[in-house]
Colleague: 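First the structure, which I've put down as structure tokens, then a few questions once you've had a look.
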Amino acid sequence: MRWYRINALMLKYYYITINRLDRIFDMLYWPLIGLLIWGFTSYFIMDLTKESQVLNIFLGGAILWTFYQRASQDMGNYILEDFWSRNLYNLLSTPVEPQEIILSAVLFGLIRSVITFGLLALLGAVLYSFNIFGAGIFVVLLFSLALLLLGWVFGIFVTGLIFRYGVKIQVFAWSFAFLIQPFSAVFYPLSSTPLWLQKISLVFPTTHAFEGMRYAFATGKIAWNSLFFAFFLDAILLIVMYYFFLHCFKQARKVGIIAKME
Amino acid sequence: MDAITISNLSKTYQSRSKVNYALKNVSFSVREGEMFGLLGPNGAGKTTIINILSGLLTKDKGIITILSKDPEIEKEAVKNQMNVGAAYSFLTGILTVEQNLRVYGKLYGVKDLDQRISHLLKIFEIEDLRHKKVFILSTGQIIRVILCKGLINNPKVLLLDECTVGLDPDIAQKTRKILKDYQKEQGTTIVFTSHNMTEVEQLCDRIAFLHKGEILMIGTPKELRKRIKTQSVKIDIIGEKRKSLRSIVERFKVKVTESKLNMVIFEIRGEVELPKIINAIIKEGLEIIDINVRKPSLEDVFLKIARGEQL
């Protein structure tokens with residue numbers, strides 16, 4: 001693994017971002033729209049219920065969800081750019097390693113996620129007097145990291161699928177992040193869902209992260225149990241998906257999908 | 001010394017219960033500083049060889065060394081000294097020419113990158129495209145950018161797959177000259193695939209003919225042409241006596257490939273038969289106005305191989 005190659009790939013992602021309006025839109029515009037919708041919805045429900053935790057639940061959920069979503073989608077999107085351009089042929093004939101492609105996308109995604117998060121946190125404070133760090137900076141950073149990790153895990157999974165099956169599965173790059181949203185208790189507590197759904201939800205690190213965040217907002221304390229399970233599940237999934245990606249990459253070289261550039 | 005050696009290289013593709021051979025025990029070597037052509041009809045295996053050499057495709061069996069290294073084991077060392085250019089590939093379309101070249105230069109760890117980019121854009125005469133996005137370029141312009149990318153790291157081994165397809169004749173000629181000059185100046189080893197026989201004859205020191213995944217012949221263009229024993233003869237006469245002209249020629253058991261009312265084209269082996277045929281035509285009272293003996297070209301070799309005919 002060479003840092004100069006990782007830098008080169010990050011430079012490419014930077015060029016893509018500044019040259020493509022939709023890459024700036026998905027970093028700033030859509031999260032902003034989400035924040036506005038959830039902010040006004042929260043105010044409306046607060047008026048109805050007089051429940052002060054509504055803002056924490058909805059806005060906290062929406063802001064942290066963008067962390068996971070950006071991390072997950074960015075990786076697939078930047079790799080897909082090479083497929084769309086039929087550039088993968090040239091890229092993979094350089095000394096670049098698949099791990100460098102993953103790491104560069106992770107790091108660039110992290111920068112984009114932090115920018116989005118910063119903007120949303122700032123606007124949340126200005127527009128709705130909502131302090132995302134109200135649960136404690138340390139807690140927010142830890143649970144954000146757990147969400148980022150899962151985003152990268154699914155990004156790696158989708159990237160593996162793209163390498164193996166080409167652009168025909170590109171829909172996963174945009175939709176996969178959302179597939180687990182109903183099971184992740186993003187905007188509602190886990191206890192409010194049916195028992196069978198709770199069992200499924202507990203498999204996803206996102207569930208533990210959002211449960212932990214809500215607990216921190218409500219009590220000001222860290223739910224160590226949630227934190228442990230979020231990172232533990234992240235670690236298992238990361239190892240599994242990393243090997244899945246390497247397997248897909250190996251298969252792609254065997255069947256020639258990279259050379260065919262389909 | 002050999003820059004590339006390939007021995008018993010095989011590659012198969014599995015489709016349902018059928019195994020298709022893309023390459024069957026292919027062996028050849030490319031000398032350092034040589035321009036080596038891979039020729040053959042579609043599906044012959046030329047691109048498969050390029051893809052395996054560039055690491056985009058895995059081999060089933062066989063041994064490959066590039067610059068005396070195993071590219072599977074010393075991948076980074078080999079790839080740093082190698083580059084590819086394929087007409088059917090593309091660069092990141094949303095990036096400008098300069099941005100693309102900068103990214104590739106950095107991937108290869110090229111020093112003095114600004115200078116290198118300017119130099120390459122200048123020799124390929126595309127300095128005006130520097131700040132243009134790649135997706136708006138014409139095919140010919142993109143190919144020249146791809147060639148700039150191919151030379152960005154000053155490679156010791158350059159693999160070019162159909163890299164002049166889509167270029168205007170004058171640009172193609174210029175590009176060939178640039179590549180040849182570059183190769184002579186830098187001592188670059190170039191493996192070149194093309195369907196353009198004239199181009200291959202002009203550029204390549206040696207050529208391998210491939211057909212259905214196997215190498216049929218290797219040699220210099222001159223050696224390969226000599227492998228064709230037959231020559232094509234065209235005789236034109238005054239008047240329109242097709243039947244008699246054709247039948248006179250056929251008496252000598254030669255293969256008539258085309259005949260019109262006042263013209264016949266046939267193939268002969270050696271030049272011994274030709275005076276006899278001419279004498280016979282004159283004796284029949286026909287007046288010859290032109291005799292054209294065409295030496296076999298590389299294209300004839302290519303076509304005969306593609307048709308599965310004997311040379």
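So you know, we letter chains A, B, ... as the sequences are listed, proteins then strands, and number each from 1. Fair warning: this is a prediction, and the values are worked out from it, not measured in the lab. These numbers come from the heavy atoms of this one structure, side chains and all, not from hydrogens, waters or symmetry mates.
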Colleague: Based on non-hydrogen pairs under 4.5 Å, which of B:Gly55, B:Ala22, B:Gly105, B:Gly93 is most in contact with chain A?
Modeller: B:Gly55
Colleague: For A:Asn7, check side-chain contact (heavy atoms from CB on, under 4.5 Å) against everything at least two apart and list the hits.
Modeller: none
Colleague: Can we say B:Glu127 and B:Lys122 salt-bridge, meaning some charged N sits less than 4.0 Å from an Asp/Glu carboxylate O?
Modeller: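 Answer for the salt bridge query: no.
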Colleague: Using only atom types and a distance under 3.5 Å, with no angle test, would you say the side chain of B:Thr96 pairs donor to acceptor with the backbone of B:Gln99?
Modeller: yes
Colleague: With sequence neighbours excluded, what pairs up with B:Asp60 under the side chain to side chain donor-acceptor pair (under 3.5 Å) test?
Modeller: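 For B:Asp60, the residues satisfying side chain to side chain donor-acceptor pair (under 3.5 Å) (neighbours in sequence not counted) are B:Thr12.
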Colleague: Mind checking which of residues 92-121 of chain A sit less than 4.5 Å from chain B, heavy atom to heavy atom?
Modeller: A:Leu92, A:Ser93, A:Thr94, A:Pro95, A:Val96, A:Glu97
Colleague: Between B:Lys149 and chain A, with a heavy-atom cut-off of 4.5 Å, which part of the residue counts as in contact: side chain, backbone, both or neither?
Modeller: side chain
Colleague: Let me know if B:Tyr104 has heavy atoms under 4.5 Å from chain A in its side chain, its backbone, both or neither.
Modeller: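 Side chain of B:Tyr104 only, per the 4.5 Å heavy-atom cut-off to chain A.
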Colleague: Is A:Ile6 in contact with chain B via its backbone, its side chain, both, or neither, using a 4.5 Å heavy-atom distance?
Modeller: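 Neither part.
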Colleague: With a 4.5 angstrom heavy-atom cut-off, could you sort out which part of B:Leu159 is near chain A: side chain, backbone, both or neither?
Modeller: neither
Colleague: Is it the backbone or the side chain of A:Asn19 that comes under 4.5 Å from a heavy atom of chain B, or both, or neither?
Modeller: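 Contact with chain B is through both the backbone and side chain of A:Asn19.
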Colleague: What option among B:Val134, B:Leu91, B:Thr47, B:Asn100 has the most heavy-atom pairs under 4.5 Å with chain A?
Modeller: B:Leu91
Colleague: Could you check whether any side-chain N or O of A:Asp234 sits under 3.5 Å from a backbone N or O of A:Leu149, counting only pairs where one atom can act as donor and the other as acceptor?
Modeller: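 Flag not set: sc A:Asp234 to bb A:Leu149 has no pair under 3.5 Å.
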Colleague: Can you confirm whether B:Thr5 sits close enough to B:Ile64 that some side-chain heavy atom of one is under 4.5 Å from a side-chain heavy atom of the other?
Modeller: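 No; the side chains remain at least 4.5 Å from each other.
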Colleague: Cation-pi check, B:Lys24 to B:Tyr21: give yes when NZ or CZ is under 6.0 Å from the six-membered ring centre and within 45° of the ring axis, no otherwise.
Modeller: yes
Colleague: Relative to each other, are the rings of A:Tyr78 and A:Tyr13 parallel, tilted or perpendicular (30° and 60° limits)?
Modeller: tilted
Colleague: Spell out, as yes or no, whether a donor-acceptor pair under 3.5 Å connects the side chain of B:Glu34 to the backbone of B:Arg31.
Modeller: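 Judged by distance alone, yes, a pair lies under 3.5 Å.
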Colleague: Are A:Arg70 and A:Asp74 ion-paired here, with the side-chain N under 4.0 Å from a carboxylate O?
Modeller: yes
Colleague: Please work out which of the three classes, parallel, tilted or perpendicular, describes the rings of A:Phe154 and A:Phe204, given edges at 30° and 60°.
Modeller: tilted
Colleague: For the pair B:Lys79 and B:Glu72, find out whether any cationic side-chain nitrogen is under 4.0 Å from an anionic carboxylate oxygen.
Modeller: no
Colleague: Listed by residue number, which members of residues 235-242 of chain A have a heavy atom under 4.5 Å from any heavy atom of chain B?
Modeller: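 So far as heavy atoms go, nothing in residues 235-242 of chain A approaches chain B to under 4.5 Å.
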Colleague: Just checking, B:Lys11 and B:Tyr13: is the charged tip under 6.0 Å from the six-membered ring centre and within 45° of the axis?
Modeller: yes
Colleague: Using a cut-off of under 4.5 Å for heavy-atom pairs, which of B:Arg102, B:Met82, B:Lys59, B:Glu76 has the most such pairs with chain A?
Modeller: B:Glu76
